[in-house]
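The next block holds one structure in the form of structure tokens; read it before the comments.
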Amino acid sequence: MSKEITSRNSDYSKWYNDLVLKAGLADYSAVRGCMVIKPYGFALWENMRDQLDKMFKDTGHVNAYFPLFVPKSLFEAEEKNAEGFAKECAVVTHYRLKADPNKKGSLMVDPEAKLEEELVVRPTSEAIIWNTYKGWIQSYRDLPLLINQWANVVRWEMRTRLFLRTAEFLWQEGHTAHATEQEAVAEAEQMLEVYAEFVEEWMALPVIKGVKTESERFAGAVNTYCIEALMQDGKALQAGTSHFLGQNFAKAFDVKFSDKENKLEYVWATSWGVSTRLIGALVMAHSDDEGLVLPPRIAPLQVVIVPIFKGEEQKAQIDARVGSLVQELKKAGVRVKYDDNDNARPGWKFAEYELKGVPLRLAIGARDLENNSAELARRDTREKMSVSMDGLTDTILQLLDDIQLRMFAKARDYRDAHIIPADTMEDFLRILDGEGGFVSAHWDGTAETEEAIKEKTKATIRCIPLNNPEENGTCIFSGKPSTQRVLFARAY
RNA sequence: CGGGAUGUAGCGCAGCCCGGUAGCGCGUUCGUCUGGGGGGCGAGAGGUCGCAGGUUCGAAUCCUGUCAUCCCGACCA
């Protein structure tokens with residue numbers, strides 16, 4: 001009907017856009033490259049954010065907030081980082097508008113209000129944060145400093161896509177300072193584990209933990225850890241990154257501390273982040289041609305109850321039955337909605353809640369009242385069953401758990417079936433041009449080869465998996481000796 | 001920044017080639033019958049045709065410019 005969505009087969013990109021727009025996650029805005037996150041999409045982000053925030057705090061971090069603007073002189077202090085982001089920075093040059101004398105009703109930038117120093121709108125906050133940390137850290141007793149911030153950042157992208165790449169996006173960025181290298185490395189690894197746990201257990205999305213190659217590494221980092229997920233179209237998506245920054249920022253911003261021997265040392269740093277991009281990953285990994293499929297643990301709504309009735313009398317009976325059930329479910333911590341809006345009919349509601357990916361739908365009508373039953377439909381398998389009203393809360397709790405596990409298992413099976421070894425460039429390309437996925441291949445370790453393969457196949461090295469087995473072989477491209485396979489894929 | 005496409009009612013589109021004052025579906029409003037998979041019937045409301053110029057007696061339609069968005073590339077989380 002009016003909410004037909006494009007099928008995955010006919011046009012995957014269009015399917016994704018349709019889903020995001022029609023399920024009410026986001027909307028385009030009047031600003032090029034920037035989107036509006038609508039209430040339903042934001043509710044999803046809130047659930048993700050709340051859980052991540054809890055996990056950060058459980059690992060000893062605290063939240064703070066740093067400015068949106070970074071003076072250019074600070075921004076350029078860490079050279080590699082500045083260079084890496086320079087091409088996509090929005091810059092504030094003036095601080096005032098005035099009426100345009102040549103055009104009535106229009107405003108113009110006041111040329112007399114030019115800033116002495118331009119302000120860079122943060123593409124990431126290392127610069128302003130390390131400039132601040134300098135004043136906070138004197139002694140080893142001030143360490144470690146474990147701070148996270150929830151913020152927006154701006155990266156002026158040429159080409160944008162809802163959630164996956166927008167000019168402005170929401171994220172969290174953790175920035176930590178440590179007395180020793182080992183401690184900082186451990187922190188970066190720990191946060192990678194936190195991300196992996198969150199994405200797998202809450203978003204039901206299996207990930208591969210790994211390390212980036214030098215050319216894919218965060219600008220200014222010594223080492224970049226990442227979690228990589230696989231979408232249904234066979235393309236990979238970086239779901240989160242955690243960086244060991246060494247002493248690069250400490251040196252650039254002169255952040256030193258006195259150690260126990262009263263020697264001055266530069267501190268060791270990490271930073272780590274995930275963004276609203278995760279919502280894009282969630283959509284592309286689980287959803288189907290009917291709409292979103294959301295994992296119960298982060299679904300804004302877990303259960304929707306739809307009454308089916310003729311006349312006020314039946315409606316009142318259903319209300320009474322549902323009322324106590326809703327109370328019970330809420331007490332059990334279930335996010336439930338009783339949709340008794342009489343403006344939409346049951347069939348319409350069924351389709352609408354499927355589009356929105358609500359994990360469970362309960363329909364109750366006159367027949368059910370007689371039989372003390374209800375019709376329960378699960379979104380992931382689209383399976384419908386008649387269940388007893390007795391013990392229904394337990395039935396629902398169990399099903400929600402089952403959906404969560406099943407969604408993960410399904411995504412994991414798909415992912416596992418799409419990690420394919422290749423030993424020739426012919427195989428390599430055949431896999432990518434076919435169903436896609438990760439191609440596990442030997443690489444000689446040089447940036448030149450990596451670049452050449454990218455040029456030829458559009459595939460990049462997504463990561464060198466953690467605990468990657470040693471295996472002697474020859475580079476798939478250059479034929480030079482190699483000690484391990486790495487994962488290639490076309491990526492978002 | 002290069003290539004392609006689109007802008008007409010809240011949404012999706014037709015009309016444009018061949019100029020004559022705007023139409024369809026969905027939604028919406030009212031009434032009614034309805035209700036277990038996106039309802040039926042009847043009656044309404046709703047549009048300076050993205051914006052600015054130009055050609056013409058007359059422009060949604062032709063011309064020029066401009067803005068915006070989407071898709072494909074180069075860049076990136």
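Predicted model only: the values in this text are computed from it and were never measured. These values consider heavy atoms only, across backbone and side chains, with no hydrogens, waters or symmetry-generated copies. Each chain gets a letter, A, B and so on, in the order the sequences are listed, and its residues count up from 1.
Between the side chain of Arg122(A) and the backbone N or O of Phe66(A), at least one donor-acceptor pair lies under 3.5 Å. Between the side chain of Asn81(A) and the backbone N or O of Ala219(A), at least one donor-acceptor pair lies under 3.5 Å. Side chain of Arg415(A) to backbone of Val207(A): a donor-acceptor contact under 3.5 angstrom is found. Asn248(A) places a side-chain N or O within 3.5 Å of a backbone atom of Gly220(A) that can act as its donor or acceptor partner.
If you check G38(B) for Watson-Crick or wobble pairing at under 3.5 angstrom, you find it has no partner at all. Base pairing of G20(B) is made with C57(B), judged by Watson-Crick or G-U wobble geometry with both donor-acceptor distances under 3.5 Å. G65(B): Watson-Crick or G-U partner is C51(B), with both key distances under 3.5 Å. If you check C76(B) for Watson-Crick or wobble pairing at under 3.5 angstrom, you find it has no partner at all. In this entry U28(B) has G44(B) as its Watson-Crick or G-U wobble partner, both defining distances falling under 3.5 Å. A 3.5 Å limit on both hydrogen-bonding distances identifies no Watson-Crick or G-U partner for A9(B).
Ring pair Phe488(A)/Phe428(A): centre-to-centre distance below 6.0 Å. Separation of the Trp45(A) and Phe163(A) ring centroids does not fall under the 6.0 Å cut-off.
Spacing between A59(B) and C16(B) at atom C1', rounded to whole Å, works out to 10 Å. When the C1' atom is used for both A52(B) and A60(B), the distance is 16 Å, rounded to whole Å. To the nearest whole angstrom, the two P atoms, one in U61(B) and one in C76(B), are 43 Å apart. U21(B) and G65(B) have their C1' atoms separated by 25 Å, with the value rounded to a whole Å. Spacing of P atoms, C26(B) relative to G39(B), comes out at 11 Å, to the nearest Å. Remark: the separation of the P atoms in C71(B) and G35(B) is 43 Å, to the nearest Å. Rounded to whole Å, the P atom of C24(B) lies 33 Å from the corresponding atom of U64(B). On the C1' atoms, G46(B) is 12 Å away from G27(B), given to the nearest whole Å.
In this structure, the nucleotide among A74(B), C71(B), C75(B) sitting nearest to the side chain of Lys87(A) is C75(B). Closest contact between the side chain of Ser275(A) and the listed nucleotides C76(B), C71(B), A77(B) involves A77(B). Taking only side-chain atoms of Phe169(A), from C-beta outward, the nucleotide of C70(B), G37(B), A77(B) with the closest atom is A77(B). Here the side chain of Arg367(A) is nearest to one of C76(B), G38(B), G36(B), namely G36(B).
The aromatic rings of Phe253(A) and Phe249(A) sit parallel, their planes meeting at an angle under 30°, below the 60° perpendicular limit.
Contact annotation: Lys212(A) side-chain N/O to C76(B) OP1/OP2 distance is not under 4.0 Å.
In this structure, Tyr492(A) reaches neither bases nor backbone, as no heavy-atom distance under 4.0 Å exists between it and the strands shown. Residue contacts for Asp368(A): at a heavy-atom cut-off of 4.0 Å it reaches a base atom on one of the strands shown. Within 4.0 Å of Thr241(A), counting heavy atoms only, lies no atom of the nucleic acid at all. At a threshold of 4.0 angstrom between heavy atoms, the contacts of Glu157(A) include nucleobase atoms, whether or not backbone atoms are also involved. Residue Lys384(A) is classed as a base contact, given a heavy-atom separation below 4.0 Å to a base. Counting non-hydrogen atoms under 4.0 angstrom, Ala366(A) reaches a base of the nucleic acid. Here Leu164(A) lies in heavy-atom contact (under 4.0 Å) with a base. Among the protein residues, Thr224(A) comes within range of no part of the nucleic acid, since none of its heavy atoms lies under 4.0 Å from any strand.
Partners of Ala221(A) according to the side-chain contact (heavy atoms from CB on, under 4.5 Å) rule, which considers only residues two or more places apart in sequence or in another chain, are Arg217(A), Phe218(A), Thr224(A), His243(A), Leu245(A).
No more than 12 heavy atoms of other residues, nucleotides or ligands shown are found within 6.0 angstrom of CH2 on Trp156(A).
If you take CD of Glu88(A) and P of A74(B), they are 16 Å apart, rounded to a whole angstrom. What separates NZ of Lys14(A) from C1' of C70(B) is a distance of 10 Å, to the nearest Å. Lys315(A) places its NZ atom 17 Å from the C1' atom of G36(B), with the value rounded to the nearest Å.
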Taking only nitrogen or oxygen atoms into account, show me every contact under 3.5 Å that the protein makes with nucleotides 33-35 of chain B, one pair per line with its distance.
from, atom 1, to, atom 2, distance (Å)
U34(B), O2, Arg345(A), NH2, 2.1
U34(B), N3, Arg345(A), NH2, 3.4
G35(B), N2, Asp342(A), OD1, 2.6

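For Asn17(A) and Glu168(A), each mapped to the nucleotide of RNA chain B holding its nearest heavy atom, the one lying further toward the 5' end belongs to Asn17(A). Comparing Tyr28(A) and Arg277(A) by the nucleotide of RNA chain B whose heavy atom lies nearest to each, the residue mapping closer to the 5' end is Tyr28(A).
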Between Arg378(A) and Asp380(A), does the salt bridge (Lys or Arg N to Asp or Glu O under 4.0 Å) criterion hold? Intermediate values first, please.
CA-CA 6 Å; Arg378(A) 52 189 287 175; Asp380(A) 63 331; 2.8 Å; yes

